[in-house]
2 protein chains.
Amino acid sequence: MNMPAFEPSQGRMNPVLVTSAALGIVDSKPISNFVDGQNIYCDGERAGQVYRVEFGAVRVYRVLANGRRQILDFHLVGNWFGLQNEDFRRSSAEAIGATGIKSISLQETRFIWQGLVPVVLENYSSAQEHQLVIGRQSAIERVAAFLLEMSNRAGGTCKFDLFMPRIDIADYLGLTIETVSRALTKLKSGSIIRLQGTRGVEIVNYRALQNLCQ
Amino acid sequence: MNMPAFEPSQGRMNPVLVTSAALGIVDSKPISNFVDGQNIYCDGERAGQVYRVEFGAVRVYRVLANGRRQILDFHLVGNWFGLQNEDFRRSSAEAIGATGIKSISLQETRFIWQGLVPVVLENYSSAQEHQLVIGRQSAIERVAAFLLEMSNRAGGTCKFDLFMPRIDIADYLGLTIETVSRALTKLKSGSIIRLQGTRGVEIVNYRALQNLCQ
DNA sequence: CGTGAGCTTGAGCTCGATCAAAGAGTGTGG
DNA sequence: CCACACTCTTTGATCGAGCTCAAGCTCACG
């Protein structure tokens, strides 16, 4: 049985179709440009806008009192972020590399909430998927799951670039950079992946990677 | 490079008000009764309905191929669950104790999606909150966070009953039952909580518990 | 070609998992 | 009402995955 309220969406790959209502509004906005590491919004700040990545990437994260950081989600081209119900931000968002963002104010969103429902549901779904990874997977399984996720979001290619440094991967997966590095080395040694430079990844044995994710 | 200034969000919708449309439909439905452990929906199943807890409680979980289980969320009285974008379930839902559920078909939801937006946003928000706990907190910090969450959801009282067994707490927090038990014992020894029987909890030192959560 | 940030590798340690057993709580039947 | 049985929980002992601390190494950049 289909969800009749909106068109079906393929994972997070194709948000363009499902948000056509929102697109009409956001497309008329100018692109705001951000440099690497630049803040888009901040924990504790009043929430005023909803955002869409036009180019580049964004990390959304929280920092605990003791300095430990958890990256809640990465957002790539076409992804919406910053959607929330509360008045104040409970996380921060930063550009990864040179990044372009379009935004609409929350006041405008009342006209397009319906169009954004699938977007929120997808974000929710991927948050739950991620709970499973960080709750019940070993280090190597987390890294394998991460590589598959990035491969998917890069369009399903087996050769792609990671757009974030190791520390971001570690903070996304709930690990340390050393453990991430060791896991990547292990996957390389097992001829499951190939590494090119510090960001390039090629999945050689896709099946083996999937098996690791349970 | 600067984002336009954040505008204050005026007249933020109250979740109770905005779900009134949904409430109107679901209130006319009969309550379905479930016994302890009974399945409400199943991983892989075609998704047909959205649910609301009338009494009792529900656990939503995923099981990995190797048998490891992760509880994604607990749902208490008044909570909606089962909202998703995909056609098929990616998790299972079970009653905890005697539980009453009202449901509406997804076909009906087209009339109330807009009303359910805050519900989805809240579920999304709590999923992210939980990512932080299982990604970057130690065992005792996770258990402390869990007790505070349950206290809040029980209405902010410091004396309440846990409605789930230790194994559910463990699978929610990404720990083992032994570790959960040890953490509870430690909190008891530190006079931060008091335990009554196997389910009863009283928070004696609320501040100390909050400090543990960072 | 030099420099520094980011990444990898190594050694040792710690927290939580695992394995094992005892204790508490609940329900059933004599 | 108590004895038994069963499940759930607690406690103990040991082990190992991943963290921490500490060097080296790479690579992108000037």
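Below, all heavy atoms of this structure are taken into account, side chains as well, without hydrogens, waters or symmetry copies.
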Assess whether a salt bridge exists between [X] and [Y], defined as any Lys/Arg side-chain N lying under 4.0 Å from an Asp/Glu carboxylate O.
{"X": "A:R59", "Y": "A:E94", "answer": "yes"}
{"X": "A:R153", "Y": "A:E149", "answer": "yes"}
{"X": "A:R136", "Y": "B:D171", "answer": "yes"}
{"X": "A:R68", "Y": "B:E141", "answer": "yes"}

Round to the nearest Å and state the distance from [X] atom [atom1] to [N] atom [atom2].
{"X": "B:I177", "N": "C:dA17", "atom1": "CD1", "atom2": "P", "result": "11 Å"}
{"X": "B:R199", "N": "C:dG25", "atom1": "CZ", "atom2": "C1'", "result": "11 Å"}
{"X": "B:Q196", "N": "C:dG25", "atom1": "CD", "atom2": "C1'", "result": "15 Å"}
{"X": "B:K188", "N": "D:dT9", "atom1": "NZ", "atom2": "C1'", "result": "11 Å"}
{"X": "B:I96", "N": "D:dC8", "atom1": "CD1", "atom2": "P", "result": "14 Å"}
{"X": "A:L195", "N": "C:dT9", "atom1": "CG", "atom2": "C1'", "result": "15 Å"}

Task: A:Y51 ring center near A:H75 ring center (under 6.0 Å) - done: no
TODO: Using a heavy-atom cut-off of under 4.0 Å over every strand shown, decide if B:S181 touches base, sugar-phosphate, or nothing.
DONE: base
TODO: For B:T176 and B:T179, indicate whether the former's side chain and the latter's backbone hold a donor-acceptor pair under 3.5 Å.
DONE: yes
- [ ] Return yes if some donor-acceptor pair links the side-chain N/O of B:R142 with the main-chain N/O of B:Q137 below 3.5 Å, else return no.
- [x] yes
Task: Protein proximity profile, nucleotides 12-30 of chain D - base contact B, sugar-phosphate-only contact S, no contact -, cut-off 4.0 Å on heavy atoms - done: BB----SSBB---------
- [ ] Strictly below 4.0 Å, heavy-atom distances to any atom of DNA chain C: list the hits from residues 158-173 of chain A, or just say none.
- [x] A:P165, A:R166
Task: From CA spacing to verdict: side-chain hydrogen bond (donor to acceptor under 3.5 Å, both in side chains), A:R90, A:Q84 - done: CA-CA 9 Å; A:R90 312 223 47 185; A:Q84 60 173 59; over 6 Å; no
